[in-house]
Q: 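Pasting a structure here, questions to come.
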Amino acid sequence: MNFSAAREFALQLDSQDPLAAFRNDFVIHDPNLIYLDGNSLGMPPKAAQEKARQAVEEQWGKDLIRGWNKGWWESPSRVGDKIGQLIGAAAGQVLVNDTISLNLFKLATAALTLQPNKTRIITDTFNFPSDLYILQGIKNLLSTGGLDYQIIRIGASDNDVTPDLAALEAAIDENTALVTLSHVTFKSGYLYDMQRITDLAHQKDALVLWDLSHSVGAIPIHLDACNADLAIGCTYKYLNGGPGAPAFLYVNKAIQEKLSSPIWGWWGQKNPFDFSLDYEPAPGAERFLVGTQPIISLLTMEAALEPTLQAGMDSIRAKSILMTDYASFLTESWLAPFGFSLGSPLDPTKRGSHISIRHAEGYRINRALIEEMNVIPDFREPDNIRLGFAPLYTSFADVWEGFDRIKRVMREKLYEKYSKQKLAVT
């Protein structure tokens with residue numbers, strides 16, 4: 001498409017947008033706010049707001065403990081199957097439960113203990129740091145049993161935008177137990193070819209665990225078709241489940257009965273209400289449940305899924321590509337003269353639904369945008385301003401206006417009044 005920097009062009013794109021009406025399904029308190037951080041925390045859907053009220057006032061308030069027999073107990077698997085529709089997973093393989101980090105710990109540990117004679121874990125420097133911390137903790141834990149695990153972190157093939165795919169391929173050998181990567185990397189938005197990496201790992205009899213946190217709800221995912229082994233993801237980014245909403249995990253049916261969870265809890269017990277004093281794992285993926293789940297948050301998140309399910313992932317992806325292409329165009333045409341560079345792939349087939357724009361004064365520019373321009377992006381070290389585009393509620397006019405305000409910050413040098421010292425939360 002031939003883009004134009006005129007505001008009328010953005011309005012024209014909005015007039016042709018088949019997803020434009022979904023914006024009305026979200027709670028938007030300040031129409032002048034340009035919110036470009038849906039890749040960190042999605043906006044609240046009106047359905048989720050109403051469900052939260054209903055869950056407290058009517059279900060908890062009136063049903064009390066009877067709520068467990070009215071859909072609460074089954075909610076991890078019921079809601080998991082709904083997410084499964086978005087990530088290409090047949091029923092019985094996705095569970096909503098716990099946090100991303102806990103689910104990573106459970107699945108990664110299970111994968112490693114399934115192959116005790118293999119000691120290599122392959123990941124990359126693009127992975128979310130918390131994922132790396134969890135892997136380091138697992139290595140430390142399992143090393144007490146005499147095993148010497150190696151965590152191999154693949155670096156970049158360019159300026160921290162693209163992972164070194166040749167090095168990644170070379171690192172996966174016969175001693176590799178697990179390959180675990182973020183499907184979309186959190187800084188640059190680079191999108192891995194899930195099929196290719198999964199096939200490479202399987203050629204060496206390694207398992208693959210995908211972190212879908214920055215792709216679920218923004219990109220069509222085909223876990224079953226790719227024969228992926230394991231996956232985790234969050235629900236508070238593009239799925240709009242709310243801060244601290246429970247995460248999800250995926251376990252391919254082909255390996256469910258082979259794996260054992262490292263945390264044995266009563267929700268993962270085969271017959272939990274027998275209250276046996278000895279643990280017996282539940283069949284299938286449910287053995288990875290642990291304790292009582294946060295039902296109010298889970299039910300609220302379930303309602304939040306509805307706009308995404310209604311819109312469909314192909315339509316969402318088509319708009320996402322158009323928005324990130326448009327934002328890349330504005331970066332080059334408007335911001336490059338001020339010293340910005342694009343920190344994300346130009347090829348949309350290798351990019352998620354957010355881009356990074358890089359500038360040496362990125363932190364102070366980010367602060368000026370938030371505190372003076374009513375624009376909310378986020379900043380990631382060392383120089384990345386991330387701009388997230390949530391196709392269900394972000395308009396093309398929002399994108400144009402956001403970039404226009406960035407341009408104003410640079411033209412008027414508004415960022416210069418801010419300290420370079422980082423705040424604890426940005």
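Everything numeric in this text was worked out from a predicted model, so none of it was measured. Scope of the values below: all heavy atoms of this structure, side chains included, with no hydrogens, waters or symmetry mates.
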Q: Quick check: does any side chain N or O of D14 sit under 3.5 Å from a backbone N or O of A397, one acting as donor and the other as acceptor?
A: yes

Q: Count the heavy atoms of every other residue, nucleotide or ligand shown that sit under 6.0 Å from NZ of K350, and state whether that count exceeds 12.
A: no

Q: Is the distance between the ring centroids of F248 and Y250 under 6.0 Å?
A: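 No, they do not, as the ring centres are separated by 6.0 Å or more.
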
Q: Under 4.5 Å between any side-chain heavy atoms of E58 and D63, yes or no?
A: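 A side-chain contact under 4.5 Å is absent here.
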
Q: Check the side chains of N32 and E401 for a donor-acceptor pair under 3.5 angstrom, ignoring hydrogens and angles.
A: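 Checked: E401/N32 side chains show no N/O donor-acceptor pair below 3.5 Å.
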
Q: Any side-chain donor-acceptor pair under 3.5 Å between N374 and D30?
A: yes

Q: Can you tell if the side chain of I357 reaches within under 4.5 Å of the side chain of I406, non-hydrogen atoms only?
A: yes

Q: Donor-acceptor check, side chain of S215 to backbone of L212, threshold 3.5 angstrom: yes or no?
A: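 Yes: the side chain of S215 pairs with the backbone of L212.
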
Q: Locate the shortest heavy-atom distance separating M194 from T198; write the atom from each residue and the value.
A: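 The answer is O-OG1, 2.7 Å.
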
Q: Please report whether the ring centroid of W68 lies less than 6.0 Å from that of F273.
A: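 No, ring centres 6.0 Å or more apart.
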
Q: Please identify which of these residues, F329, F403, W400, meets the ring-ring contact (aromatic ring centres under 6.0 Å, His included) condition with F3.
A: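 Answer to the ring-ring contact (aromatic ring centres under 6.0 Å, His included) test with F3 among F329, F403, W400: F329.
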
Q: Please determine, by modelled atom types, if S328 and D325 share a side-chain donor-acceptor pair under 3.5 angstrom.
A: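 No.
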
Q: Could you please spell out the steps behind the side-chain hydrogen bond (donor to acceptor under 3.5 Å, both in side chains) verdict for N227 and Q195?
A: CA-CA 8 Å; N227 197 27; Q195 184 71 72; over 6 Å; no

Q: Fit a plane to each ring of F186 and F128, take the angle between them on a 0 to 90° scale, and name the class: parallel (under 30°), tilted (30 to 60°) or perpendicular (over 60°).
A: perpendicular

Q: Work out which heavy atom in P272 is nearest to a heavy atom in W73; give both atom names and the distance.
A: CG-CZ2, 3.8 Å

Q: Within the supplied structure, the quantity of interest is the number of heavy atoms (other residues, nucleotides, ligands) at a distance under 6.0 Å from E332 CD; does it exceed 12?
A: no

Q: Could you tell me which non-hydrogen atom of A231 sits nearest to which non-hydrogen atom of L107, and how far apart they are?
A: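 It is O-CD1, 3.5 Å.
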
Q: Judged by modelled atom types alone, do R351 and S344 share a side-chain donor-acceptor pair under 3.5 Å?
A: no

Q: Could you check whether any side-chain heavy atom of L178 comes within less than 4.5 Å of a side-chain heavy atom of I122, counting everything from C-beta outward?
A: no

Q: Got more than 12 heavy atoms from elsewhere within 6.0 Å of CZ, R53?
A: yes

Q: Under a 3.5 Å cutoff, is there a donor and acceptor pairing between the side chains of S182 and T185?
A: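 No.
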
Q: I need the minimum non-hydrogen distance between A247 and T99, along with the two atoms involved.
A: CB-C, 3.5 Å

Q: Judged by modelled atom types alone, do K139 and Q136 share a side-chain donor-acceptor pair under 3.5 Å?
A: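 Looking only at side-chain atoms, Q136 and K139 do not form any donor-acceptor pair under 3.5 Å.
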
Q: With under 30° as parallel and over 60° as perpendicular, where do the rings of F396 and Y326 fit, or are they tilted in between?
A: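 Because their plane-to-plane angle lies in the 30° to 60° range, the rings of F396 and Y326 count as tilted.
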
Q: For the residue pair H359 and N384, confirm or rule out a side-chain donor-acceptor distance under 3.5 Å.
A: no

Q: Looking at every heavy atom in both I263 and K106, which two are closest together, and how far apart are they?
A: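 What the structure gives for the nearest pair is CD1-CG, 4.1 Å.
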
Q: Parallel under 30°, tilted from 30 to 60°, perpendicular over 60°: which one fits the rings of W266 and F275?
A: parallel

Q: For W60, look at atom CH2 and say whether over 12 heavy atoms of other residues, nucleotides or ligands are found less than 6.0 Å away.
A: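 12 or below, so no.
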
Q: Would a distance-only check, ignoring hydrogens and angles, find a side-chain to backbone donor-acceptor pair under 3.5 Å from D17 to S15?
A: no

Q: Is it true that S276 and D278 share a donor-acceptor pair across their side chains at a distance under 3.5 Å?
A: no

Q: Between the side chains of S101 and S130, is a donor N or O closer than 3.5 angstrom to an acceptor N or O?
A: yes

Q: Between N175 and T119, do the side chains contain an N or O donor and an N or O acceptor separated by less than 3.5 Å?
A: yes

Q: Compare every heavy atom of A110 with every heavy atom of T113, then report the nearest pair and how far apart it is.
A: OG1-O, 3.2 Å

Q: With a 4.5 Å heavy-atom cut-off, do I221 and L86 have their side chains touching?
A: no

Q: Tell me, yes or no, whether the heavy-atom count around L64 atom CG, taken from other residues, nucleotides or ligands under 6.0 Å, exceeds 12.
A: yes

Q: Run the side-chain contact (heavy atoms from CB on, under 4.5 Å) test on L230 and N252 for me, step by step, so that the C-alpha distance in whole Å, both residues' side-chain angles and the decisive distance to 0.1 Å come before the verdict.
A: CA-CA 6 Å; L230 306 161; N252 190 302; over 6 Å; no

Q: Going by heavy atoms in the side chains, are K46 and D25 under 4.5 Å from each other?
A: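 They are not in side-chain contact.
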
Q: Determine whether E169 and R196 make a side-chain contact, defined as any pair of heavy atoms from C-beta on separated by less than 4.5 Å.
A: yes

Q: Is the backbone of R386 close enough, under 3.5 Å, to the side chain of S356 for a donor and an acceptor to pair up by distance?
A: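 Checked: no pair found.
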
Q: Could you walk me through whether E381 and K422 pass the salt bridge (Lys or Arg N to Asp or Glu O under 4.0 Å) check?
A: CA-CA 10 Å; E381 293 286 359; K422 306 294 191 298; 3.7 Å; yes

Q: Out of curiosity, Q93 CD to L223 CG, how far, rounded to the nearest 0.5 Å?
A: 8.5 Å

Q: Please tell me if the side chains of V96 and K82 come closer than 4.5 Å, counting only heavy atoms from C-beta onward.
A: no

Q: Within the 4.5 Å heavy-atom criterion, are L41 and K237 side-chain neighbours or not?
A: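 Counting from C-beta outward, L41 and K237 never come under 4.5 Å.
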
Q: Could you go through K204 and D199, starting from their C-alpha distance and side-chain angles, then the distance that decides it, and tell me whether this counts as salt bridge (Lys or Arg N to Asp or Glu O under 4.0 Å)?
A: CA-CA 9 Å; K204 303 296 184 180; D199 288 346; over 6 Å; no

Q: Just by distance, do the side chain of Q269 and the backbone of Y279 share a donor-acceptor pair under 3.5 Å?
A: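 Side chain of Q269 to backbone of Y279, a donor-acceptor pair under 3.5 Å: no, none is there.
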
Q: Applying ring-ring contact (aromatic ring centres under 6.0 Å, His included), run through H183 and Y192 and close with a yes or a no.
A: CA-CA 5 Å; H183 187 210; Y192 269 108; 8.2 Å; no

Q: Going by distance alone, is a donor N or O of one side chain under 3.5 Å from an acceptor N or O of the other, for D158 and T162?
A: yes

Q: Sub-3.5 Å donor-acceptor pair from the side chain of R287 to the main-chain atoms of L259, do we have one?
A: yes

